[in-house]
Amino acid sequence: GRKSWRQRTVDELKHYYHGLQLLWTDTKVAARMVWRLLHGQVLTRRERRRLLRTCADLFRLVPFLVFIIVPFMEFLLPVFLKLFPEMLPSTFETESKKEEKLKKKLNARLELAKFLRETIAEMAKRNRADTG
């Protein structure tokens, strides 16, 4: 069945609350990584990617906070999210958005693999023609 207006509002508020909790946790972890960097330790590739993602999320949070602080501007949030889909920090993504991104990435990788396979097959044909 369809959820009531009140239930949808509560679900949306919970979603943003959990997103802020995740962002806070990521920020604490990133601060520890920066501390380690400042003391001469080297980060792994995974840690470096997480640090970059968290920094990007913090910069994305600034325009998002404008929507929360300015009265009645939160009603424009869906419009701006439609225009700028990457405006929200990554911790605020829904499962459907994550699945959609994974599908796009998988399709891109499949297209790249197909292109590389065709290129290798063409190069093999040329080598056979040159040697034959």
Side-chain angles (χ1 to χ4, degrees):
R2 190 171 160 95
K3 292 182 179 180
S4 69
W5 181 81
R6 183 179 180 278
Q7 186 61 39
R8 284 186 290 178
T9 304
V10 169
D11 289 345
E12 199 68 24
L13 288 173
K14 283 181 183 178
H15 173 72
Y16 288 119
Y17 176 73
H18 292 301
L20 282 172
Q21 281 184 325
L22 287 171
L23 185 62
W24 176 250
T25 303
D26 283 349
T27 304
K28 288 192 305 188
V29 171
R32 280 189 234 127
M33 285 184 218
V34 168
W35 183 260
R36 285 179 35 209
L37 272 175
L38 292 175
H39 285 83
Q41 292 183 2
V42 179
L43 297 178
T44 64
R45 182 173 172 227
R46 182 179 179 187
E47 290 172 332
R48 199 170 33 253
R49 278 195 339 236
R50 185 172 185 175
L51 179 63
L52 288 174
R53 188 191 75 224
T54 304
C55 289
D57 285 347
L58 289 174
F59 285 121
R60 287 182 193 147
L61 189 65
V62 173
F64 179 67
L65 287 176
V66 172
F67 286 96
I68 294 173
I69 293 171
V70 176
F72 300 108
M73 196 163 175
E74 61 270 4
F75 296 117
L76 293 176
L77 187 61
V79 174
F80 278 90
L81 286 177
K82 193 68 170 174
L83 294 173
F84 307 105
E86 298 295 321
M87 187 177 85
L88 282 179
S90 63
T91 56
F92 289 88
E93 287 182 347
T94 60
E95 289 298 320
S96 61
K97 290 284 186 186
K98 287 180 184 176
E99 287 177 10
E100 187 178 313
K101 278 187 177 180
L102 284 175
K103 286 179 184 178
K104 284 182 182 179
K105 190 184 286 188
L106 179 62
N107 284 336
R109 286 181 179 174
L110 289 173
E111 288 295 321
L112 179 63
K114 182 180 175 184
F115 171 75
L116 291 174
R117 191 175 343 120
E118 290 172 358
T119 304
I120 291 172
E122 188 176 316
M123 289 174 62
K125 285 181 187 177
R126 284 186 189 169
N127 285 342
R128 284 189 210 135
D130 289 344
T131 58

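When a residue number appears, it is its place in the shown sequence, counting from 1.
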Just to verify, which of K14, H15, Q21 counts as forming a side chain to side chain donor-acceptor pair (under 3.5 Å) with Y17? Q21

Report whether L23 and V62 are members of the same hydrophobic cluster (ILVMFWY, side-chain heavy atoms less than 4.5 Å apart, transitive linking). no

Are L106 and L112 connected in the hydrophobic side-chain network, where two residues link if heavy atoms are under 4.5 Å apart? no

L76-Y16 co-clustered via ILVMFWY side chain contacts under 4.5 Å: yes

Decide, yes or no, whether a salt bridge links E99 with K103 under the criterion of side-chain N to carboxylate O below 4.0 Å. no

To the nearest 0.5 Å, tell me how far I120 CD1 sits from M123 CE. 7.5 Å

Specify the closest pair of heavy atoms between R50 and M33, including all atoms of both residues, with the distance to one decimal. CD-CE, 3.9 Å

According to a hydrophobic-cluster definition based on side-chain heavy atoms being under 4.5 Å apart (Ile, Leu, Val, Met, Phe, Trp, Tyr only), do L61 and L22 belong together? no

If you compare all heavy atoms of L43 against all heavy atoms of L51, which two are closest, and at what distance to 0.1 Å? CD1-CD2, 4.0 Å

Should D11 and R8 count as an ion pair when the cut-off is N to O under 4.0 Å? no

4.5 Å side-chain heavy-atom contact, K114 and E118: yes

Are the side chain of E47 and the backbone of T44 linked by a donor-acceptor contact shorter than 3.5 Å? yes

Return yes if some donor-acceptor pair links the side-chain N/O of H39 with the main-chain N/O of W35 below 3.5 Å, else return no. yes

So CZ of R32 and OG1 of T27: to nearest 0.5 Å the spacing works out to 11.0 Å

Are the side chains of F115 and T119 in touch, meaning some heavy atoms are under 4.5 Å apart? yes

Spell out, yes or no, whether M73 and L20 are grouped together once hydrophobic residues are joined by side-chain heavy atoms under 4.5 Å, including indirect joins. yes

